[in-house]
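The structure under discussion is supplied below as structure tokens; questions concerning it will follow.
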Amino acid sequence: MKFDRRISRRSFLAAAGVTSAALALTACGGSSSSTAASSAASGASSAAAGTAQGGTLNIMLETEVQSLDPQVATDGTSFEVIADYTDGLMQMDADGAAVPAMAETYDISEDGKTYTFHLRDAKWSNGEAVTAADFVFGWQRAVDPATASEYSYMLSDIGQVVNAAEIIAGEKPVTDLGVTAVDDKTLEVQLNVPVSYFLSLMYFPTFYPVNEAFYNTCADTFGTSPETVLSNGAFVLTDYQPAATAFALEKNPDYYDADKIALDGLAYQVIKDSQQALMSYQTGTLDITLLNGEQVDQVKDDPEFTSVGAGYLWYISPNIDAVPDLANLNLRKAMTFALDRDAITGDVLKDGSTPAYTAVPAQFATGPDGSDFSADQTKFADDCAYDPEKAKEFFETAKAELGKDTFTFDMVVDADDAPQKVAQVVKEQLETTLEGLTINLTVEPKKQRVQDMQDGTFELGLTRWGPDYADPMTYLGMWVTGNSNNYGLWSDADYDAIIDECTTGDLCTDPEGRWAALYEAEQIVLEQAVIFPLYGQCNAEMISSAVKGVEHHPCALNRVYKNTTKSE
């Protein structure tokens with residue numbers, strides 16, 4: 001989930017009358033011993049009944065937290081930790097639906113453009129009350145050009161908050177943002193157009209509150225230590241420093257719902273070596289750990305093994321604008337048809353991840369008829385499939401058009417275990433099928449790889465995107481002209497027109513027509529080989545049998561621990 005701020009964003013989302021909600025999460029690949037949803041339900045009931053014991057939950061992370069500033073953070077790991085100790089207006093239930101958190105109740109105007117949130121009695125960890133002004137300040141920070149929030153578009157393009165786009169562009173002051181503290185307990189939000197899933201945006205960290213007085217005491221160091229963050233959530237940060245490989249949180253005794261929090265605390269460990277992580281789990285040092293493909297073969301019959309959907313689409317992004325050879329459509333088509341996605345998921349990952357042949361992954365967005373937007377992975381088989389012979393035909397055409405027989409490209413890859421393994425197989429597949437093509441792998445820390453792609457200093461990039469909200473536009477909006485996650489700077493007027501019609505045009509209030517148009521847009525992305533989809537990610541995990549109620553979600557917050565219990 002990464003956007004940069006080097007290109008001005010154009011408005012690409014408004015949603016009205018769109019039936020689009022997160023699916024109840026199910027196990028991936030048919031290898032799970034239980035589903036996350038049932039685990040969450042059992043954990044929640046145990047906590048409510050008061051039968052579960054406390055304790056500290058020991059959690060493995062693959063990578064370090066990048067930022068604890070809710071308006072600056074952009075990665076899933078940071079979002080998870082921020083949400084451990086911060087509540088927004090709404091939170092997720094076990095099925096991913098938006099339910100009240102800091103907002104005890106809310107009202108929506110008849111035209112769908114005014115939301116009035118009535119805040120509950122709640123405290124920050126310094127004893128001060130959580131007020132509507134804290135949300136106003138947090139949201140104003142998000143759109144303030146001085147903050148340079150990469151997720152500012154969540155208020156403008158996605159949330160359609162009045163004047164957000166103009167403020168981000170520097171055309172209006174932050175005080176003109178369409179959010180008002182009517183009084184300490186009443187927050188009013190004005191939208192440009194109705195946004196059918198606006199409530200689900202409220203649990204996204206960019207919309208979290210920030211206490212202005214506290215922020216002003218530590219502005220330059222905000223979010224860098226337990227002393228420079230405040231909690232209004234289930235836990236309180238007690239041990240942390242930037243890039244820490246171990247840090248901890250404790251239960252917040254002043255949390256409004258503290259009676260329902262069973263855990264005494266959370267202890268995170270960043271372990272990049274998967275074998276070390278599994279050993280730590282086996283010795284009891286960890287309660288939750290991720291597995292790689294080789295390990296899945298060892299533990300797949302263990303009742304503590306589970307595979308859950310993570311919501312991410314992994315894909316290769318070619319730099320169409322900056323690399324002349326990759327501007328050749330036939331070369332890009334040759335590459336996407338040369339990729340054996342089944343081998344990647346079945347022989348390498350082995351974690352339940354599924355081959356992807358669409359630009360929008362499955363199992364996170366449902367349409368007006370209740371069906372999964374991307375259930376049919378053969379819908380665009382003419383443009384995205386594994387077909388070595390077709391790949392070779394496109395390659396020969398590309399060689400003739402470009403007047404050369406050999407091509408060499410560098411591909412940036414995260415330093416993490418799974419991406420490196422996938423990249424090695426991608427390299428082998430492309431070089432084997434397309435004789436004369438060479439792929440050199442450049443392994444970088446994730447932060448550097450993302451920076452390179454944002455800066456456009458790459459040729460091919462192995463990357464991923466996780467849905468921030470439950471609508472296909474969270475993916476399709478990326479390839480609009482000028483969008484900051486359109487790494488290859490691809491542009492297509494027909495595509496832009498479709499997206500505009502689905503956002504602020506007549507289709508904005510036509511759910512069925514909008515859905516059909518989004519498929520048209522997706523087909524253009526695949527016809528033009530703007531990306532090479534690889535797979536929809538599932539996480540293979542070991543979760544101790546003593547632990548119940550870890551909630552997994554494909555959107556926004558991948559893991560939530562408020563209803564988690566741990567018995568002796």
Q: Provide the full list of salt bridge (charged side-chain N to carboxylate O under 4.0 Å, His left out) pairs with a residue in residues 126-142, sequence neighbours left out, each pair given once.
A: Asp69-Arg141
Q: Apply salt bridge (Lys or Arg N to Asp or Glu O under 4.0 Å) to Glu80 and list each qualifying residue two or more places apart in sequence or on a separate chain.
A: Arg559
Q.
Looking only at side-chain N and O atoms, does Thr228 offer a donor or acceptor that is under 3.5 Å from a partner on Ser225?
A. yes
**Q.** N-O pairing of Lys446 and Asp75 below 4.0 Å
**A.** no
**Q.** Salt-bridge present (Arg449, Asp414; N to O < 4.0 Å)
**A.** yes
Q) Between the side chains of Asp87 and Tyr255, is a donor N or O closer than 3.5 angstrom to an acceptor N or O? A) yes
(Q) Applying salt bridge (Lys or Arg N to Asp or Glu O under 4.0 Å), can you list everything that pairs with Asp84, at least two apart in sequence or on another chain? (A) none
Q | Within the 6.0 Å centroid threshold, strictly below: Tyr197 and Tyr469 | A | yes
Q. Under 6.0 Å from the six-membered ring centre of Tyr315 and within 45° of its axis: does the NZ or CZ of Arg464 meet both?
A. no
Q) Can you find a side-chain donor-acceptor pair between Asp416 and Gln420 that sits under 3.5 Å? A) no
Q.
Any donor-acceptor pair under 3.5 Å linking the side-chain atoms of Asp455 with those of Thr457?
A. no
Q: Would you kindly say whether Glu304 and Tyr281 are connected by a side-chain donor-acceptor distance under 3.5 Å?
A: yes
Q) What are the two closest heavy atoms between Ala142 and Ser152, and how far apart are they? A) O-CB, 3.1 Å
Q. Ignoring hydrogens and geometry, is there a side-chain-to-backbone donor-acceptor pair from Ser149 to Val72 under 3.5 Å?
A. no
Q: Name the orientation class of the two ring planes belonging to Trp314 and Tyr535 (parallel below 30°, tilted from 30 to 60°, perpendicular beyond 60°).
A: parallel
Q) How far does CE of Met411 sit from OG1 of Thr463, to the nearest 0.5 angstrom? A) 11.5 Å
Q) Does the distance from a Lys or Arg side-chain N to an Asp or Glu carboxylate O, for Lys566 and Asp287, drop under 4.0 Å? A) yes
Q | Side-chain H-bond candidate by donor/acceptor type, Gln295 with Lys350, under 3.5 Å | A | no
Q: May I ask you to check whether Tyr268 and Tyr240 place their ring centers less than 6.0 Å from one another?
A: no
(Q) Using only atom types and a distance under 3.5 Å, with no angle test, would you say the side chain of Glu104 pairs donor to acceptor with the backbone of Met102? (A) no
Q) Which atom pair, heavy atoms only, marks the closest approach of Ala418 to Leu349? A) CB-CD2, 4.3 Å
